[in-house]
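Here is the structure we will look at, set down as structure tokens.
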There are 2 protein chains.
Amino acid sequence: MSTAISAQNLLRDRGLRVTPQRQSVLNLFLTESGQHFSADQIRQRLLPQMPGLARGTTYKVLQEFVRAALCEELATPDGVSLYGLRLRPHHHFICDQCGRWFDVEVTGVDGLRPVALPPDSEVRDVAVFFHGVCSECRGASGSA
Amino acid sequence: MSTAISAQNLLRDRGLRVTPQRQSVLNLFLTESGQHFSADQIRQRLLPQMPGLARGTTYKVLQEFVRAALCEELATPDGVSLYGLRLRPHHHFICDQCGRWFDVEVTGVDGLRPVALPPDSEVRDVAVFFHGVCSECRGASGSA
DNA sequence: CTCCCTGCAAAGTGTTTGCATAGTA
DNA sequence: TACTATGCAAACACTTTGCAGGGAG
């Protein structure tokens, strides 16, 4: 792995207090780079090594990360928010079968032009979402 | 307005039963074309003309519309789903200030290419979201 | 006449909030 | 030592579900 970035430094750099809970959450993201998890998925993953981790704490930590621009929060159709690292700009590929989100870089974004936008609107950012089926799901289902 | 399409016909064409509730909801969408509403916003808008409209019914009607591909359901960060017409393919412009979503057509979508997608993944669709500030909010806030 | 939709109300789920305690700087 | 994060549990908001009565086909 080339994970030269430590959770500790990342937290310090953003002016956040370094606590075991925050380090664990951040480390999970750093380890499973490009992946996204719900608050409860994160808690379940960390419970073995941190049995006391409270549900509320998980949410507060993630909220704090989002506020510090460390993480992005992604709303899913089933009402659950997914969280992922936001260290560098990127877009997403969503597997419509398993529901997982993957970070991807995208070329050609500069060529996008909105047509018939309400006059005087100001565009500040563009987010691209590819939908499809991930390799794992394709392998599992075979056809379809 | 060139709304030659009637709610009644639209419902029939999709094999849905024609009820006053469904007609009202669909008419709201046809009238405020390109706009998006939450289930409760829709209910509030229709209550004057349909005082008995139940919260549960609103959700069921919208669910049915989504199933029939008449509407799209859009998840927002604050946990509320927005619904909009889906008569023709389109993308979205989101005002980050007032939170409203607007349908827009986009050129250049074919030029988008994901980089370093997991091998054997299959892309089936692309969704583009422009973020920014709508004309109304720009007019209201002046600067920034 | 049959089947489905509506209204009503209760239940469910994900998330937020408040407070006392423990931990960081 | 001062201030903030954690754990716990209650509170919240949006959405879903079940059932009896009424309306569509």
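Letters go in sequence order (proteins before strands), and every chain restarts at 1.
- Applying a 4.0 Å cut-off to non-hydrogen atoms, none of the residues of residues 35-45 of chain B approaches DNA chain C.
- With a 4.5 Å cut-off between side-chain heavy atoms of Ile, Leu, Val, Met, Phe, Trp and Tyr, the cluster of V123(B) takes in F93(A), F102(A), V104(A), V106(A), V109(A), L112(A), L117(A), V123(A), V126(A), V128(A), F130(A), F93(B), F102(B), V104(B), V106(B), V109(B), L112(B), L117(B), V126(B), V128(B), F130(B).
- Checked against salt bridge (charged side-chain N to carboxylate O under 4.0 Å, His left out), R100(A) has the following partners two or more places apart in sequence or in another chain: E136(A).
- Partners of R14(A) under the side-chain hydrogen bond (donor to acceptor under 3.5 Å, both in side chains) rule, at least two apart in sequence or in another chain, do not exist in this structure.
- Between R22(A) atom CZ and dA25(C) atom C1' there is a gap of 13 Å when expressed in whole angstrom units.
- Residues from residues 59-66 of chain B placing a heavy atom under 4.0 Å of any atom in DNA chain D, listed by number, are Y59(B), K60(B), Q63(B).
- Listed by chain and residue number, nothing satisfies the side-chain hydrogen bond (donor to acceptor under 3.5 Å, both in side chains) test with R43(A) (two or more places apart in sequence, or in another chain).
- Applying the ring pair (Phe, Tyr, Trp, His ring centres under 6.0 Å) test to every pair with at least one member in residues 12-61 of chain A, sequence neighbours left out, gives these pairs: H36(A)-H92(A).
- The distance from atom CD of Q21(B) to atom C1' of dC8(C) is 14 Å, rounded to the nearest whole Å.
- Residues in residues 56-65 of chain A take part in these salt bridge (Lys or Arg N to Asp or Glu O under 4.0 Å) pairs, two or more places apart or across chains: E64(A)-R67(A).
- Residues forming a side-chain hydrogen bond (donor to acceptor under 3.5 Å, both in side chains) with S121(A) (at least two apart in sequence, or on another chain): none.
- The stretch residues 75-84 of chain B has no heavy atom under 4.0 angstrom from DNA chain C at all.
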Pairs: protein N or O with nucleotides 22-25 of chain D N or O, under 3.5 Å:
| from | atom 1 | to | atom 2 | distance (Å) |
| --- | --- | --- | --- | --- |
| dG23(D) | N2 | R17(B) | NH1 | 3.1 |
| dG25(D) | OP1 | V18(B) | N | 3.1 |

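- Five base pairs at each end of the helix from dC1(C)-dG25(D) to dA25(C)-dT1(D) define two local axes, and these are offset by 50° (rounded to 10°).
- L62(A) is not listed as a side-chain neighbour of E73(A), based on a closest heavy-atom distance of 4.5 Å or more.
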